[in-house]
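Comments concern the structure below.
If you read the sequence from its start, that first residue is 1, and numbering goes on from there. Predicted model only: the values in this text are computed from it and were never measured.
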Amino acid sequence: MTDVNSKIRRQAPLAKYAFAFAFGIALSRYFEIGANILSALLVLAGALVFHFIIANKNLRLPMMLLAFISGAIISIPPQNPYPDFTSQEAELEIFAERAGRNEKGASYGIGKVLSASKNFEKAKGSKIWFYAKDAKDIWQGNKIRGSFIVRKVEKEEGFNNYLLNQNIFFNAYSAEKTEIESAKFPYSLYKSAREYIAEKLGTFYGGANAENEGARAFRAMILGDKSYLSKDAKNDFKLTGTMHIFAVSGLHVGMLASIIYFILNLLRVPKKAAPAISLPILFLYVSVCQSAPSAMRAFIMISTVWLSSAFLRKPKTFASLVAAFFISLAFNPSNLFDAGFALSYSVVLAIVLYAVELDEALSQKIQNLRGFELKNPPLPRRIYLKCERGIIAGLCIGIAAMFASAPLCSCYFGYVPLLSAFLSIPFVLGATAAVACGAASVVLPNFLCPITNSIAAFILEIMLNSAKIFSDLAVVLNVKISPVAAFACEWAILASLFLYPEIKSPAKWILPPAITAATLLSAAIF
């Protein structure tokens, strides 16, 4: 491996323990290892650690074992309180932990059962998926009361598999009007902030319609609310593999952080005081987006980098990523089986550990083939070299994102958009410009918002039309692999990227994509 990537790997010496922790979570969930066996293994691992400390030996192996068993123990799923449950009506009070709306205006989401009628009282305290047909204003923090038809989540496939991985055993459907109790602090603050942002994003230059497709897609991108997108638009972005630009992630949080950082510098705010001002604002935005896994990852990473820069030493990107990964799983092990979480971390890891090095290697190879180059070439030449470097970097990122996300796309969605590696480059550039406009609109005075909003809506119109064109040309591999196969593939990719960095031959560039290709090909054939 090159020095660049070796330095990246050395940034996070605890990474191996974080990954062992996650591996324990996955193994415990998929193979249902009993609590008694895991407890015995935990005692054994503790004894090994103690022995190695006394013997003054290297603790790496026993500590990895300890991390693995700890992950397996905390991820032991709760038992279904009604394993033989048949569909029936129940009176429920549900606390909405995450909520959204579909294109028809109905509300749905994940909630916690606060109270239930006698036929469902054992489910009190457990999570449930709810759908309220006539409730359009349900938001995170609301309490919902009413009569629901409760059904058991049966088959471990598709969306049901996602629910079971989140320890959700029941669906609750309400066709009647439900009683909604207003959210209390801090959820009321999050809702007010969301309404404020939506209002700031809803004014356009020249009185343009805030409900046209570009304007709605702009709000969908900034708020992470795909209900603003039409059914056709969702389908176009899915087929082109560019739907990820509507997930609130590092692009959104990072852009807002950059603008806040710029403003604080203009105001000459002391470096050590800046995190106390900026991080609560960023956390508020992440909470407005209902703490989506990709947004929370970005927030933890930026927080780590900002605090390190302010109080300690030079920030380390990879160490921040590992810290965000471990913290997220420690608080909620089920995050590992969330599509957004898995895609977010696998893609970013592939970019950091693969795309960065590939970009360096290709750029160096092209420079060697080119030969002598002026230190200060003419402006047209400098522009050409910048564009060349940008295209190479974009392709490297696209390839890394493609092989890292393909197994998970196949597992969660049943298809892999093969053109995403190439289409993601221009779409991400467009999204970057639109997000920059959105972040500016949030902090700018009201009279300037129509200008930035109109620019963003115009960009989104172009992206919508492009997605429609390319969706007709899109090459999609329709293949479905099991969750076990998907995670085995991801761990094999991780091993090739991280655990065996001393591969010197060109095989190191081929191995990660080859693992993905072999997994998908095997699933397609067998």
Side-chain angles (χ1 to χ4, degrees), residues 96-101 105 107 109 136-142 182-205 208-229 245-264 277-299 302-303 340 430-460 463:
E97 295 182 345
R98 294 182 68 179
R101 291 176 301 174
S107 294
K136 300 180 180 180
D137 299 319
I138 295 177
W139 176 247
Q140 184 184 30
N142 287 137
S182 298
K184 297 179 181 178
F185 185 84
Y187 302 104
S188 57
L189 173 63
Y190 303 156
K191 186 175 183 180
S192 298
R194 181 185 177 85
E195 290 170 352
Y196 169 79
I197 294 173
E199 184 179 348
K200 295 273 281 186
L201 302 178
T203 55
F204 295 89
Y205 185 73
N209 184 8
E211 294 303 314
N212 67 44
E213 205 162 8
R216 289 180 64 84
F218 172 48
R219 295 201 292 281
M221 181 173 287
I222 302 301
L223 296 172
D225 186 353
K226 298 181 183 66
S227 67
Y228 283 106
L229 295 174
I245 62 175
F246 292 98
V248 176
S249 62
L251 174 64
H252 303 66
V253 182
M255 190 65 69
L256 182 58
S258 299
I259 291 176
I260 295 172
Y261 182 79
F262 176 73
I263 293 172
L264 293 179
I277 299 170
S278 58
L279 295 183
I281 297 173
L282 292 178
F283 182 76
L284 180 60
Y285 173 62
V286 170
S287 299
V288 161
C289 302
Q290 302 192 75
S291 303
S294 55
M296 189 55 71
R297 168 189 58 77
F299 172 73
I302 289 171
S303 299
T432 302
V435 169
C437 290
S441 293
V442 172
V443 298
L444 285 173
N446 287 339
F447 72 91
L448 291 175
C449 292
I451 300 173
T452 51
N453 291 343
S454 298
I455 294 170
F458 176 71
I459 294 170
L460 264 299
M463 294 171 68

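The local environment of CD in E195 is crowded, with over 12 non-hydrogen atoms from other residues, nucleotides or ligands closer than 6.0 Å. Within 6.0 Å of OH in Y228 there are more than 12 heavy atoms belonging to other residues, nucleotides or ligands.
Two residues are said to be in side-chain contact when any heavy atoms from C-beta on lie closer than 4.5 Å; L229 and R216 fail this criterion. Between Y196 and S192 there is no side-chain heavy-atom pair separated by less than 4.5 Å. Under the 4.5 Å side-chain criterion, counting only non-hydrogen atoms from C-beta, F447 is not in contact with T203.
Not counting sequence neighbours, the partners of R194 by the side-chain contact (heavy atoms from CB on, under 4.5 Å) test are W139, L223, D225, V288.
Looking at every heavy atom in both residues, A434 comes nearest to M221 through CB-SD, 3.9 Å. Of all the heavy atoms in A247 and S294, the pair that sits closest is CB-OG, 4.3 Å. The nearest pair of heavy atoms linking I138 to A99 is O-CB, 3.8 Å. The two residues N453 and F204 make their nearest non-hydrogen contact at O-CE2, 3.4 Å. Of all the heavy atoms in P293 and R98, the pair that sits closest is CD-NH1, 4.2 Å. Counting all heavy atoms, side chain and backbone alike, A439 lies closest to I259 at CB-CD1, 3.3 Å.
With H252 contributing its side chain and V286 its backbone, the two residues share no donor-acceptor pair below 3.5 Å. With hydrogens and angles disregarded, a donor-acceptor distance shorter than 3.5 Å links the side chain of Q140 to the backbone of E97.
Each of I281, I277, L282 was evaluated against L279; a single residue qualifies, L282, per the side chain to side chain contact (heavy atoms under 4.5 Å, CB included) test.
Separation of atoms CE (M296) and OG (S249) is listed at 13.5 Å; rounding is to 0.5 Å. Put simply, CG on L284 and CG on L256 are 9.5 Å apart, with the number rounded to the nearest 0.5 Å. Distance CE/M463 to CD/E213: 12.5 Å, rounded to 0.5 Å. A distance of 5.5 Å separates OG of S291 from CZ of F283, quoted to the nearest 0.5 Å. In this structure, the separation between CE on M255 and CD1 on I222 is 9.5 Å, given to the nearest 0.5 Å. Atom OG1 in T452 sits 8.5 Å away from atom NZ in K200 (nearest 0.5 Å).
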